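The shown structure was predicted, so the numbers you read here are calculated from the model rather than taken from an experiment. Each residue takes its place number in the sequence, starting with 1. Both ligands and their constituent atoms are indexed starting at 1 by order of listing.
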Amino acid sequence: MAQAATPTITQNILRDGLILPRTPDPAAMVIFGASGDLTARKLMPALYNLALNRYLPSGFSVIGVADTALTEDEFRAHMEQAVQKFSRSQPVDRAVWQSLAEGISYVRMPFDDAAGYGRLAAELDRLDRERGTNGNRVFYLATAPQFFSVIIDRLGAAGIAKAGEGWKRVVIEKPFGNDLKSAQALNQAIHAVFAEPQIYRIDHYLGKETVQNVLVFRFANGIFEPIWNRRYVDHVQITVAEDIGIERRGKYYESSGALRDIFQNHLMQLLSIAAMEAPPNFDADSVRDEKVKVLKSIHPIDVANDVVRGQYGPGWVGGQQVPGYRQEVNVSPASTTETFVAVRLKIDNWRWADTPFYLRTGKRLPSRASEIAIQFKNPPHLPFAKTAVQELTPNVLVMRIQPHEGASLKIAAKIPGPVMRLRTVNMDFFYGSSFMVESPDAYERLVLDCMLGDATLFAREDEVERAWGLVDRIEAGWASQPPPAFPNYAAGTWGPPEVDALIERDGRRWRRP
Ligand code: BG6
């Protein structure tokens, strides 16, 4: 057997005098959908940054698979351009790119073509021989969702995914199904070839440093957990607000809407992480067991009263005039797809009984802001004159997922001066100023975790199915209501008027992040 040619940059070497704690086995990554947007925008830049920071194993190789007519050199050139355009570290280091590119090859085939899988198998064998990838493979499904099952099926039939020498893992992009039934069918199709521990369902929110930090915040500090419950918390607000529109993704978004695009996955992940019990340890099953318990404990949602949907009309965002959703490319002029959804829900367990959680997400809102805000109850008695406290607001702990990554605690403080006057001030933690390093992109962490065999930050079968169960309930509720009078909010505003009523009837108000 030929000796593996070891790229210089991707060796597991000492960095800053320390052995990196996370060094995956040599492996080949097969990217299905290699000529697509996700590969160019996210995957290849993530791989390049992992290579740059020396996290990739020796002999690491990539096989791009797509049905686009490209030679291997053209594919590599296309990937290089993508890295130049989308990598977070600039300028691109020639030597690092060169060493990564040496391990990149391309197999052109339709995803359902059995013969193509024979060529793919031959290419994988070559990598095992020549680059020492030892049968370790990641199959990354970055295609449109209609190809997920067929690719899995063909991988199984061609024997490429069979256990044997080395490990085999599969990464599935979102959307994982379209409703509970299709998610179950997809799970079944994947399980015909891969066992659950081999399956990595991506939710890129879990790869965000700030989302992981919520777990650290809660479970590595002694001071928060004792008050993280119904006795001290008045309510919780979770927001994923975007100022962008649907960005030429009309075709996808028309069949998705905010409920499927963000609520089913990113919002449910943020909710689970904010509400879960402390896991006994940080392994994949312990963490996911606790997250699933939260989803199982959600009180059946009363759709007519506790859900508000919206769709943006024309308006102004960031000083620019923007079209309404119905005027976007590939969107029906009579579309009833929601671009905004807000849900009020309760969690039936001892920690959270009767504590409302208000969740919202929307496109074309005034700003981009994702956060989890824990609002605490007021002190039982304030021993100050009424005038002293009039400017006070309750204590709120805000964990900012993005932007301005970090956390703030709103507390009361005395305004300097000879009289007793109080005001709310912020105690702030900013990632940027505390660590002075740029956070890796979510995909870097997730790709690396998959290669290391750590599925903690990926969604488990029962997790996605529970989340789809909630979506189905909301969809069923909507189907029994008259069609919505869309558009019902102007681009650049915080959603339809009903969304304020949803929270104000409980005597509370939405935050304006
Ligand atoms: C994706 C959605 O999953 O998340 C997009 O499909 C959305 O519609 C995006 O814009 C938001 O991700 P981020 O990382 O920019 O908050």
Side-chain angles (χ1 to χ4, degrees), residues 33 36-43 45-46 49 86 88 141-145 148 171-178 183 200-214 238-271 273 309-312 317-318 322 325 328-331 335 337-341 359-372 399-406 431 438-447 457-459 463-464 467-468 471 491 513:
D37 220 36
L38 184 75
T39 306
R41 279 175 186 271
K42 293 291 178 188
L43 298 184
N49 277 285
F86 297 114
R88 67 182 170 89
L141 273 52
T143 64
F148 292 167
V171 183
I172 320 273
E173 267 295 332
K174 67 169 277 223
F176 193 93
N178 190 47
Y200 292 72
R201 298 174 191 81
I202 284 243
D203 183 316
H204 79 279
Y205 262 60
L206 290 176
K208 290 185 191 277
E209 290 282 337
T210 41
V211 174
Q212 295 163 47
N213 191 50
V214 177
I238 306 180
T239 302
V240 173
E242 297 186 281
D243 51 1
I244 55 170
I246 52 150
E247 309 221 288
R248 312 189 78 77
R249 292 159 80 216
K251 198 156 161 256
Y252 154 76
Y253 204 85
E254 276 284 85
S255 62
S256 153
L259 194 61
R260 290 186 171 81
D261 188 44
I262 302 257
F263 177 88
Q264 187 272 343
N265 39 72
H266 309 328
L267 269 179
M268 284 300 105
Q269 289 295 344
L270 295 182
L271 171 72
I273 283 177
R309 58 182 153 161
Q311 185 195 78
Y312 61 86
V317 180
V322 297
Y325 176 70
E328 302 273 12
V329 182
N330 290 330
V331 169
S335 173
T337 299
E338 80 289 351
T339 60
F340 179 98
V341 65
L359 279 53
R360 64 182 161 166
T361 183
K363 299 270 187 202
R364 287 285 189 223
L365 301 184
S367 57
R368 173 174 182 256
S370 295
E371 60 167 45
I372 299 171
M399 281 168 289
R400 290 184 303 274
I401 308 300
Q402 63 195 24
H404 315 304
E405 289 77 357
Y431 259 81
E438 198 193 355
S439 292
D441 184 75
Y443 277 87
E444 292 171 42
R445 170 70 196 249
L446 295 175
V447 164
L457 299 176
F458 292 82
E463 223 175 325
V464 285
W468 277 121
V471 168

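Of the options Q402, K208, R260, the smallest heavy-atom separation from atom 14 (O) of ligand 1 is shown by K208. When the heavy atoms of E242, H204, E173, K174 are ranked by distance to atom 13 (P) of ligand 1, first place goes to H204.
Near K363, meaning under 4.0 Å from any of its heavy atoms, are these atoms of ligand 1: 5 (C), 7 (C), 8 (O), 10 (O). Against a heavy-atom cut-off of under 4.0 Å, H266 is close to the following atoms of ligand 1: 1 (C), 3 (O), 4 (O).
Defined by atom type and a distance below 3.5 Å, a donor-acceptor pair is missing between the side-chain atoms of T337 and Q311.
Annotation: side chain to side chain contact (heavy atoms under 4.5 Å, CB included) contacts of E242 (sequence neighbours excluded): I244, I262, K363. Residues passing the side chain to side chain contact (heavy atoms under 4.5 Å, CB included) test with D37 are R41, sequence neighbours excluded.
The nearest protein atom to atom 6 (O) of ligand 1, hydrogens excluded, is given as D261 OD1, 2.6 Å; this is a heavy-atom distance. Counting protein heavy atoms only, atom 5 (C) of ligand 1 is closest to R249 NH1, 3.4 Å.
In this structure, R364 contributes its side chain and D243 its backbone to a donor-acceptor pair below 3.5 Å. Of the possible polar contacts, one joining the E338 side chain to the A258 backbone as a donor-acceptor pair under 3.5 Å is found.
Residue contacts with ligand 1 leave out Y253, since none of its heavy atoms falls under 4.0 Å from the ligand.
L270 approaches I401 most closely through the heavy-atom pair CD2-CD1, 4.3 Å.
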